[in-house]
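So the structure is just underneath, and the comments pick up after that.
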There are 2 protein chains.
Amino acid sequence: MPTSLPTSEAAPRGRRGTRASGDDRERAILTTAERLLEERPLSEISVEDLARGAGISRPTFYFYFPSKDAVLLTLVDRMVEAGTASREEALAKLAKEPRAGWRMALQASFDAFGSRRAVILAAAELRTTNAEARELWARVMEGWVTDVTVVIESERARGVAPAGQPARDLAIALLQMNERAQYATFAAESPALAEDRILDVLVDVWVRAIYGSAPAA
Amino acid sequence: MPTSLPTSEAAPRGRRGTRASGDDRERAILTTAERLLEERPLSEISVEDLARGAGISRPTFYFYFPSKDAVLLTLVDRMVEAGTASREEALAKLAKEPRAGWRMALQASFDAFGSRRAVILAAAELRTTNAEARELWARVMEGWVTDVTVVIESERARGVAPAGQPARDLAIALLQMNERAQYATFAAESPALAEDRILDVLVDVWVRAIYGSAPAA
DNA sequence: CATCCTATCAACACTGTGTCGAGAAGTTCA
DNA sequence: TGAACTTCTCGACACAGTGTTGATAGGATG
């Protein structure tokens, strides 16, 4: 029974609760950000760049967003919502074939993030300097950890998976592996799993860690 | 047969090849950096702070180091050297008892980094904006991946570990898990493994992933 | 004692952030 | 129509931080 994230629907990141033609501008800023992030990292994009890209002056930018970071957070908010939904779906179907089920679940998050890689890479960058970004990420992670913990526990209860480390700890370690591995692959780091291999490898570790017998002496 | 890193011994990060009393100053800058990093993140430490802490003016700082980043890189260089040695030692002894051997190896890197956590946390932060930091980290990771790959392959050759995903891929995934998990624990992130649990959990995943039987249908 | 190298810093030039206050441009309604 | 209000815009400013320049002090060297 997957947990939903505490939706942040209600609190829009930019200003403007009321209607106005400036909605276009707000959108222009967001799309400019997304476009520029495909070219260079967040740290090399200035408010000036975003403003110019959206056809406004720098001070006007601040009418729409309180900071550069807020733009990114808005982008991340949106992506997270999409990614969460598809993962929960996959996790729910997992009952029958473990390997295939887990694979689908990992695939879901891989796809959700892979399709907007510039944005998550930037989010990861932002996380190191921005507390709000850290909290947002922590909330997302917490949701996943909860979901995966429940599934592991139910697999153990079903007698399909053996007892072992606390399910939550296992979930944390495996999800952290995924996070780091996906980041490295998306960023094309030097030791990183090839894009067409990453799912096979990660799923294999998940399945062995969750269902594998206790280690041979 | 553990690989040694391409040592960067020869190219000191600060200036000053020749002797001078200014060695003290250089050391003062480094210790100031280490001290300040225990209080706040790298992004909140300015060159001014480092200079003042070392009792010199900001321009004088630039006589010793080309930038704030260079100071941190020097700190990391040193730490890496220490950490590498102890891990290789542990890995070498692994032949007899797999679980205990891997545990010692992970312990080694955990201790090496744990004792200077402010510095690695800062290094991770720096990595997002500084190419040289990324390369340094990549080199370190590559060394570890190579070492671990060799050990996994030899365990497979010995017939103790079953065949599976390419040893190198497995090594990458597991090391990335460790990296992320250790970071989260050191940084006291919200979903993170407890400090007194992390080794048990990570070792368990390693052992199952490397020695575990193929997953049950 | 002239000269060279180390070491030092005030002053500057530059980049980027965020704010202020003066307005333009549109809407409402009397 | 035209006052009053709200939305939106930007020039000009104040700051914080980085990195550079040029002048200079003070040893060591020959």
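Reminder, nothing fancy here: chain letters follow the sequence lines and each chain counts from 1.
- Rounding to the nearest 0.5 Å places OG1 of A:Thr185 at 9.5 Å from CZ of A:Arg180.
- Here D:dC8 presents its C1' atom at 15 Å from CZ of A:Phe61, a figure rounded to the nearest Å.
- Each of D:dT9, C:dG18, D:dG17 was ranked by its minimum atom distance to the side chain of A:Val47; first place goes to C:dG18.
- Residue A:Phe63 has its side chain nearest to D:dC8 when only D:dC8, C:dG16, C:dA7 are considered.
- Distances from the side chain of A:Tyr62 to the nucleotides C:dG18, C:dT8, D:dT18 place C:dG18 closest.
- The distance from atom CD of A:Glu44 to atom C1' of C:dT17 is 17 Å, rounded to the nearest whole Å.
- Spacing between atom CG of B:Asp69 and atom P of D:dG17 amounts to 16 Å, rounded to whole angstrom units.
- Salt bridge annotation for B:Arg127-B:Glu179: present, with a cationic side-chain nitrogen under 4.0 angstrom from a carboxylate oxygen.
- Residue A:Ser57 is in base contact, counting any heavy-atom pair closer than 4.0 Å across all strands shown.
- Summarising the geometry, the separation between CZ on A:Phe65 and P on C:dG18 is reported as 14 Å, rounded to the nearest angstrom.
- Rounded to a whole Å, the CD1 atom of B:Ile56 is 17 Å from the P atom of C:dT6.
- Residue B:Pro59 has its side chain nearest to C:dC9 when only C:dC12, D:dT9, C:dC9 are considered.
- Atom CD in A:Glu48 sits about 16 Å away from atom P in D:dT9, given to the nearest Å.
- Checking each of A:Val205, A:Val203, A:Val201, A:Leu193 against B:Gln165 for a side-chain contact (heavy atoms from CB on, under 4.5 Å) leaves exactly one that passes, namely A:Val201.
- The B:Thr60 side chain lies nearest to C:dT8 when the options are D:dC13, D:dC8, C:dT8.
- Of the side-chain N and O atoms in B:Arg58, none sit less than 4.0 angstrom from OP1 or OP2 of C:dA11.
- Per the geometry, OH belonging to B:Tyr64 stands 8 Å off C1' belonging to C:dT6, to the nearest Å.
- A salt bridge is absent between B:Arg168 and B:Glu153; no separation between the charged side-chain nitrogens and carboxylate oxygens falls under 4.0 Å.
- At a threshold of 4.0 Å, the pair A:Glu189-B:Arg134 does not count as salt-bridged, since none of the basic side-chain nitrogens sits closer than that to a carboxylate oxygen.
- Nearest nucleotide to the A:Ser46 side chain, out of C:dT17, C:dT8, D:dT18: C:dT17.
- Atoms NZ (A:Lys68) and P (C:dT15) sit 16 Å apart, rounded to a whole Å.
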